[in-house]
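Before any comments, here is the structure.
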There are 2 protein chains.
Amino acid sequence: MINDSTSRPLQYRYLYEVLRRQITQGEFKAGDLLPSEKDLYLQYKLTKPTIRQALSLLVQDGYIRKHQGKGSIVKPLPLGLGVMSIVGRLVDTATVETDEPADHAQQIISTQVLVPPHLSDFPANILFIPPEDDLKNQFYYLERLRSVNGEPVFFEKLILPSQHLPGLADLSFENRSLFELLRTVYNIVVQGGEQKLLATTATEPLARLLGVPQTSPVLRLDKRVDTNNNDFSYYSSLYARTDHFLLHGRF
Amino acid sequence: MINDSTSRPLQYRYLYEVLRRQITQGEFKAGDLLPSEKDLYLQYKLTKPTIRQALSLLVQDGYIRKHQGKGSIVKPLPLGLGVMSIVGRLVDTATVETDEPADHAQQIISTQVLVPPHLSDFPANILFIPPEDDLKNQFYYLERLRSVNGEPVFFEKLILPSQHLPGLADLSFENRSLFELLRTVYNIVVQGGEQKLLATTATEPLARLLGVPQTSPVLRLDKRVDTNNNDFSYYSSLYARTDHFLLHGRF
DNA sequence: TTCTCTAACTTGTTATAACAAGTTGTTGTT
DNA sequence: AACAACAACTTGTTATAACAAGTTAGAGAA
C-alpha cells in the first residue's frame, strides 16, 4: 500500500513538488521571484485555488515568502535539512562578529549508522511515550552519529512504527534525509509534532561518542513527529555538542 | 496607525479570533468537535473559502486538528504560550515514568521585568544581526526573568524595532504574552523566523539570576522573529535552566 | 442478535468569478 | 529634472458551485 494516493495525482501537491524541486535544485535561487499565479495558470492549466494551495504549502515549509503586489520570493534554503539543521558556530559567544563568519562554508555532513534499523520494543529513556495502543506494536530502532567535516556533532536515536514501513530495513539511511525518504517512498509527510529541549552534561559513553570531556554541556532534543497518516508518529532523541556548531532552525 | 487593517474587518481573521477565544477560554475543550463548516456557515453567514481559511489558521497555530469525514477536533492547549513553553520536567532522565507526571499541575508563571523597555542601539552578544539598514534605527531593549512557581527558570533579552511600536514603553509586559500584545494592539502577527540553539555553562551573573551553580549547563535560545509586516522583525535571546523544567514546543 | 449496506453527515479538491489592495514602472505635467 | 498620477502588473479576499472521499449511525437483512 505504498503511495496509495497517487491514484488521483493531487494537483496542488504535484505543483508543490515541482516548484519545490526547482527551488532545491537551484533552478530558482534565493531572492528570485517565482512565476506569478497567472503564469503558473498558463503553464500548468491549474486554477487559482489549486495554485494558491501549492504556494501556501511552500510558504508553510519555508521555501518562499509571498508579498502582495510583488510576487512570491524564494527564500534561502535551510542548510542541513530536517526540523533543525547545524550551522558553524560563531567564534565566541561573548563577541559578535560584524562580518559574516563562514556559516556557508563547505560543510560535509556524514552519517554513521551505529545501530542499524531493527525491530524492538519502544526503548526507555525517551521523553515522549506513545499512546498505550501503539506500545503493543513493534518499532524500528536505530542509532546514528552525524559528523560535520569529520567531527562528531550529534548522536541520534530514531524510533519508527514498524507496521507502516515495509522493507525499511533494506533502505539506506546513510546519506538520505529521513523526511525525504518518508515523503517519496512511503508518501508520508510531516505535519507537526512536539519537542522537548534541555541542557545536560555529557555522560561517559556519550562523551566518548562525541569526543568531548565528561563535564561539558550537551543539548538534548526529543521529538514526537506527527504525519498526514493519523496513526503514524515517529520519535527521536538527539544529543548534540554545541561548542563548535550550534543547532539552527526555521519556523 | 494602530490597527489600520480594521477598516475592512477581514472576516476570516475575525472568525479565527472568535474560535480561538472560544478554545482558549474553555468553551470548546480538548477533544471536542468544532461546529462543522456548514454550521459555521449558518451561524456566521460566511462562505466556505472564508471559513476554511479561518480553520486553516487554527490548524497552523496548533489549536485544532482536522479529520476528513469527521470534523475539526480541538487539541489540548499549549501550556505556557509562546513559540516554546515550559513544562515540568520528568523526575529523572534515566527513567521514564509510565504514569503521566504532573505536567499539567498548576504552574504559576510570573514575569519580573529586570530592565524596563527603553531605547537603545542594537545590543552586542546576540546571535542574530539585523540588516545594515535597520541597525541605524533605535530599538526597544528589555530584560525579564520568568519564574515558575516562584523559581527563576529563564532569563530573556528582547529587542524590538522602535519605529513600529508607538507607546510601547507605557504598556505592561508583566503578565501579558508578547505575541498577544503585538497581535491585538499593533495588528502584527508572527509568521516565522530563525532560531539558534546551544548548551553552555552558566556564567556568574546568570548563575546568580537563575539560582544555579556556576558550572551547571544552561540552554541558550536566540531567535529572530519575522512578522506580517515585512520590515518588522524582533529578536530575543533566552537563557534557561533545564534541571527542574524543560522547554516544550509544538511545530 | 449480528452483520452489511446505505444514507447522511463530515472535510477535501478543484473550478470560475469579481473585486480589493499593494507594487512598480511609465507617462505626462510642472 | 522632479514630481504626480495613472496603468498594468502582482497577491489577497470573498462568493458560488459541483463533486470526491472519509466517517458514522441507523435501517434492514441474515
Side-chain angles (χ1 to χ4, degrees), chain A residues 1 3-17 19 28 31-60 63-75 187 189 191 227-232, chain B residues 1 3-17 19 28 31-60 63-75 187 189 191 227-232:
Chain A
M1 258 247 271
N3 251 345
D4 53 348
S5 70
T6 333
S7 42
R8 208 176 26 140
L10 276 207
Q11 317 203 54
Y12 77 89
R13 188 159 279 286
Y14 165 76
L15 178 57
Y16 163 82
E17 290 288 351
L19 293 173
F28 297 121
D32 285 358
L33 281 177
L34 234 50
S36 75
E37 294 179 357
K38 193 183 171 190
D39 288 346
L40 292 173
Y41 158 72
L42 292 172
Q43 188 174 352
Y44 294 97
K45 297 293 170 201
L46 301 171
T47 56
K48 201 173 169 182
T50 310
I51 290 169
R52 298 199 111 243
Q53 205 160 349
L55 294 178
S56 293
L57 273 185
L58 290 170
V59 169
Q60 227 180 289
Y63 289 104
I64 65 172
R65 188 162 47 91
K66 296 180 83 177
H67 210 310
Q68 185 175 13
K70 205 171 178 183
S72 303
I73 300 151
V74 177
K75 293 212 287 186
N187 198 41
V189 295
Q191 283 201 332
T227 69
N228 55 338
N229 187 331
N230 201 10
D231 40 54
F232 185 113
Chain B
M1 257 250 268
N3 250 344
D4 51 349
S5 70
T6 333
S7 40
R8 208 175 29 135
L10 276 206
Q11 318 204 53
Y12 77 89
R13 189 159 278 289
Y14 164 75
L15 178 58
Y16 164 81
E17 290 288 350
L19 293 173
F28 296 121
D32 284 358
L33 281 177
L34 235 50
S36 76
E37 295 179 355
K38 193 183 171 191
D39 288 346
L40 291 173
Y41 158 72
L42 292 172
Q43 187 175 355
Y44 293 98
K45 297 292 168 202
L46 301 170
T47 57
K48 199 173 168 180
T50 310
I51 289 169
R52 298 198 112 243
Q53 206 159 349
L55 293 179
S56 294
L57 274 185
L58 289 171
V59 170
Q60 228 180 288
Y63 289 104
I64 65 172
R65 187 163 49 89
K66 295 179 84 178
H67 210 309
Q68 185 175 10
K70 204 170 175 184
S72 303
I73 300 151
V74 177
K75 292 214 284 185
N187 199 40
V189 294
Q191 284 200 332
T227 69
N228 55 338
N229 187 330
N230 200 12
D231 40 56
F232 183 114

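Just so it is clear, the structure is predicted and the values come from calculations on it, not from any experiment. Letters go in sequence order (proteins before strands), and every chain restarts at 1.
Protein atom CZ of Arg65(A) is 14 Å distant from nucleotide atom P of dT11(D), rounded to whole Å. Rounded to whole Å, the distance from NE2 on His67(A) to C1' on dT10(D) is 11 Å. Between the CZ atom of Arg13(A) and the C1' atom of dA20(D) there is a distance of 17 Å, given to the nearest Å. Distance, Lys38(A) NZ to dA8(D) P: 12 Å, rounded to whole Å. Rounded to an integer number of Å, the gap from Leu42(A) CG to dC9(D) C1' is 14 Å. Across the protein-nucleic acid pair, Gln53(B) atom CD and dG12(D) atom P stand 9 Å apart, rounded to whole Å. The nearest whole Å value for the distance from the CD1 atom in Ile73(B) to the C1' atom in dT23(D) is 11 Å. The distance between atom CD1 of Ile64(B) and atom P of dT10(C), rounded to the nearest whole Å, is 15 Å.
Smallest separation of non-hydrogen atoms from Ser72(A) and Leu55(A): OG-CD1, 4.2 Å. Of all non-hydrogen atoms in Lys66(B) and Arg52(B), the two that sit nearest each other are NZ-NH2, 3.9 Å. Taking each heavy atom of Thr50(B) and Tyr12(B) in turn, the nearest pair found is O-CB, 3.5 Å. Considering every non-hydrogen atom in both Glu37(B) and Ile51(B), the closest pair reads O-CD1, 3.5 Å.
Rounding to the nearest 0.5 Å gives a distance of 6.0 Å between CG of Leu58(B) and OH of Tyr16(B).
OP1 or OP2 of dT24(C) sits under 4.0 Å from a side-chain N or O of Lys70(A). Between Arg52(B) and dT11(C) there is no side-chain N or O to OP1 or OP2 distance below 4.0 Å.
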(request) Please test Leu15(B) against Leu46(B) for side chain to side chain contact (heavy atoms under 4.5 Å, CB included), starting from the C-alpha separation and ending with a verdict. (result) CA-CA 9 Å; Leu15(B) 178 58; Leu46(B) 301 170; 4.1 Å; yes

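Side-chain proximity of Leu10(B) to dG12(C), dT13(D), dT10(C): nearest is dT13(D). With dT14(D), dG12(D), dT24(D) as the choices, the nucleotide that has an atom nearest any side-chain atom of Tyr12(B) turns out to be dT14(D).
Under a cut-off of 6.0 angstrom, the local environment of OH in Tyr44(A) is crowded, with over 12 non-hydrogen atoms contributed by other residues, nucleotides or ligands.
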Return the polar atom pairs (N/O with N/O) between nucleotides 15-18 of chain D and the protein under 3.5 Å, or none.
residue, atom, partner, partner atom, Å
dA15(D), OP2, Thr47(B), N, 3.2
dA15(D), OP2, Thr47(B), OG1, 2.8
dA15(D), OP2, Thr50(B), OG1, 2.9
dA15(D), O5', Thr47(B), OG1, 3.4

